[in-house]
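Treat the numbers as computed from the prediction; the structure is a model and nothing was measured. Residue numbers count from 1 along this sequence. All values below were derived from every heavy atom in this structure, side-chain atoms included, with hydrogens, water molecules and symmetry-related copies excluded.
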Amino acid sequence: MAKATSFTTFLLMSSLFLSSYFSVSKADNSAPIVSGLSWTFYKTSCPKVESIIRKQLQKVFKKDIGQAAGLLRLHFHDCFVQGCDASVLLDGSASGPSEQDAPPNLTLRGFEIINDLRARVHKECGRVVSCADIVALAARDSVYLAGWSELRHKKCNIAELARTLRQCYRHPFQSRYQNFDPTDVVALSGGHTIGISHCSSFTGRLYPTQDPTMDQTFAKNLKQVCPTANSSNTTVLDIRTPNKFDNKYYVDLMNRQGLFTSDQDLYTNSRTRGIVTSFAVNQTLFFEKFVAAMVKMSQLSVLTGKGAGEIRANCSVRNANNNSLLASVVEEEARSEF
């Protein structure tokens, strides 16, 4: 599917947990970024973009904190298919099916939230902020508002992310993910500290025989939620703090309570066990490595420069006439920054 997306992914965790939220005065400038991206891209054209998105998400999460995991997952799915280009938001058309129709994406959610954020941002600033950047910022704030703020300090689904990255790491020169190392894999998998899963995604570990790496009591409780292999029920990914972004996911793994095989493998595998342990005992370290890995992920195949992509008027549909709006915005920002 052709990409229809942003000029530049605002780099999710680029302003991730910036100085205004954490006493880290240069956090936004410390992580490396690819040529063509800018930490302050919307400083002039849409200075309120971050506050608009965060304030609205606060209202959304007050009603349903579960949406935070959905938005984080949406960003993962967008980036690990063909780059952080918001193509996962596009509806299908006569020219081809939508990424949303792929089996791993059938349970994605948050599309309406993204389009609502897009409408609010464009009302304030005009059509200058890309859908890809809105997805990235929404994912960033999902993490922040799901509990990280209290501490002041991602066609694959998140469950498949670790398997995908581990496979790519074994063949680094054959993969676009060659810059991801085991620490990145383990840190990104920490996105499972929030969210839910359908039984069908893990009942293979319960039926017909139980996965020996799974804690007995944990398995027994899961069987009560999922009495059959094809149960349509759901359960939380992190049994300790399911709605809070923290490091308890890694504590789960150390106690053989990882929901997916790809989760538990991170602790079973000697190559990554030490990383899991370090994150389980040091939450600040996990946060630091999660930020670094997300900045890497948020730069996968981003579109930069004149004529690359478009700023959609509706995040689910390509613009009818892809005119020079994007190029004019880029040129205006370039004049203001240099």
Derivation of the side chain to side chain contact (heavy atoms under 4.5 Å, CB included) call for S231 and T203:
CA-CA 9 Å; S231 173; T203 48; 5.6 Å; no
Step-by-step side-chain hydrogen bond (donor to acceptor under 3.5 Å, both in side chains) determination, Q257 to R240
CA-CA 10 Å; Q257 296 165 337; R240 285 174 168 77; 2.6 Å; yes
Can you check side chain to side chain contact (heavy atoms under 4.5 Å, CB included) on V60 and Q56, steps first, answer last?
CA-CA 6 Å; V60 171; Q56 179 58 22; 4.0 Å; yes
Check the pair M214 / R256 against side chain to side chain contact (heavy atoms under 4.5 Å, CB included), numbers first and verdict last.
CA-CA 5 Å; M214 184 180 286; R256 299 192 297 132; 5.8 Å; no
Chi angles and distances behind the side-chain hydrogen bond (donor to acceptor under 3.5 Å, both in side chains) call for S298, R140:
CA-CA 11 Å; S298 296; R140 179 198 72 174; over 6 Å; no
Check against side chain to side chain contact (heavy atoms under 4.5 Å, CB included), L222 and L206:
CA-CA 8 Å; L222 286 178; L206 301 174; 3.9 Å; yes
Please step through side-chain hydrogen bond (donor to acceptor under 3.5 Å, both in side chains) for the pair D265 and T268, ending with a clear verdict.
CA-CA 5 Å; D265 280 353; T268 303; 4.6 Å; no
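Residues Y207 and F260 fall within the same hydrophobic cluster, defined by Ile, Leu, Val, Met, Phe, Trp and Tyr side chains chained together at heavy-atom separations under 4.5 Å. The cluster map of Ile, Leu, Val, Met, Phe, Trp and Tyr, joined by side-chain heavy atoms under 4.5 Å apart, puts L145 and V135 in the same cluster. I114 and I52 fall within a single hydrophobic cluster, where Ile, Leu, Val, Met, Phe, Trp and Tyr are joined by side-chain heavy atoms under 4.5 Å apart, directly or via other members.
P182 and R271 get closest at one heavy-atom pair: CG-NE, 4.1 Å. The shortest heavy-atom contact between M254 and A280 is SD-CB, 3.4 Å. Residues G258 and D263 approach most closely at CA-CB, 4.3 Å, considering heavy atoms. Considering all non-hydrogen atoms of both residues, C46 and V121 come closest at SG-CG1, 3.9 Å. Taking every heavy atom of both residues into account, I311 and V129 meet most closely at CG2-O, 3.4 Å. When all heavy atoms of A146 and I65 are compared, the closest pair comes out as CA-CD1, 4.3 Å.
Using a 4.5 Å heavy-atom threshold, the side chains of K55 and Q58 count as touching. No side-chain heavy atom of T261 sits less than 4.5 Å from a side-chain heavy atom of F202. With a 4.5 Å cut-off on side-chain heavy atoms, L74 and L89 count as touching. At a threshold of 4.5 Å between non-hydrogen side-chain atoms, the residues F279 and T183 count as touching. Looking at heavy atoms from C-beta onward, S278 lies out of side-chain contact with N282 at the 4.5 angstrom threshold. Side-chain contact between L266 and V185: present, with at least one pair of heavy atoms (C-beta onward) separated by less than 4.5 Å. Side-chain contact between F111 and S316 is absent, with no heavy atoms from C-beta onward closer than 4.5 Å. By the 4.5 Å heavy-atom criterion applied to side chains, V49 and F41 are not counted as neighbours.
The pair D141-R54 meets the salt-bridge criterion, since a charged nitrogen lies less than 4.0 angstrom from a carboxylate oxygen.
Atoms CG and CZ, from L188 and F290 in turn, are 6.5 Å apart once rounded to the nearest 0.5 Å. Atom CG of L117 sits about 9.0 Å away from atom SG of C315, to the nearest 0.5 Å. With values rounded to the nearest 0.5 angstrom, D246 atom CG is found 9.5 Å from I194 atom CD1. Rounding to the nearest 0.5 angstrom, the gap separating the CD1 atom in I113 from the CZ atom in F61 is 6.5 Å. To the nearest 0.5 Å, atom CG of residue D133 and atom SG of residue C84 are 10.0 Å apart. Taken from CG in L259 to OG in S201, the straight-line distance is 8.0 Å, to the nearest 0.5 Å.
Side-chain atoms of N269 and T272 include no donor-acceptor pair closer than 3.5 Å. Side-chain polar atoms of H192 and D238 form no donor-acceptor pair below 3.5 angstrom. Side chain to side chain, N255 and D215 fail the donor-acceptor criterion of an N or O pair below 3.5 Å.
Between the side chain of N233 and the backbone N or O of V225 there is at least one donor-acceptor pair closer than 3.5 Å. R118 contributes no side-chain N or O that, together with a main-chain N or O of C131, makes up a donor-acceptor pair within less than 3.5 Å. Formation of a donor-acceptor pair under 3.5 Å by the Y250 side chain with backbone atoms of G190 is found in this model. Counting only distance, with no hydrogens or angles, the side chain of Q67 and the backbone of L71 share no donor-acceptor pair below 3.5 Å.
Residues satisfying the salt bridge (Lys or Arg N to Asp or Glu O under 4.0 Å) test with D116, not counting sequence neighbours, are R120.
Checked against the 6.0 Å centroid threshold, Y144 and F245 do not count as a close aromatic pair.
More than 12 heavy atoms of other shown residues, nucleotides or ligands fall within 6.0 angstrom of atom NE2 in H122. Crowding of K296 atom NZ: a count of heavy atoms from other residues, nucleotides or ligands under 6.0 Å exceeding 12.
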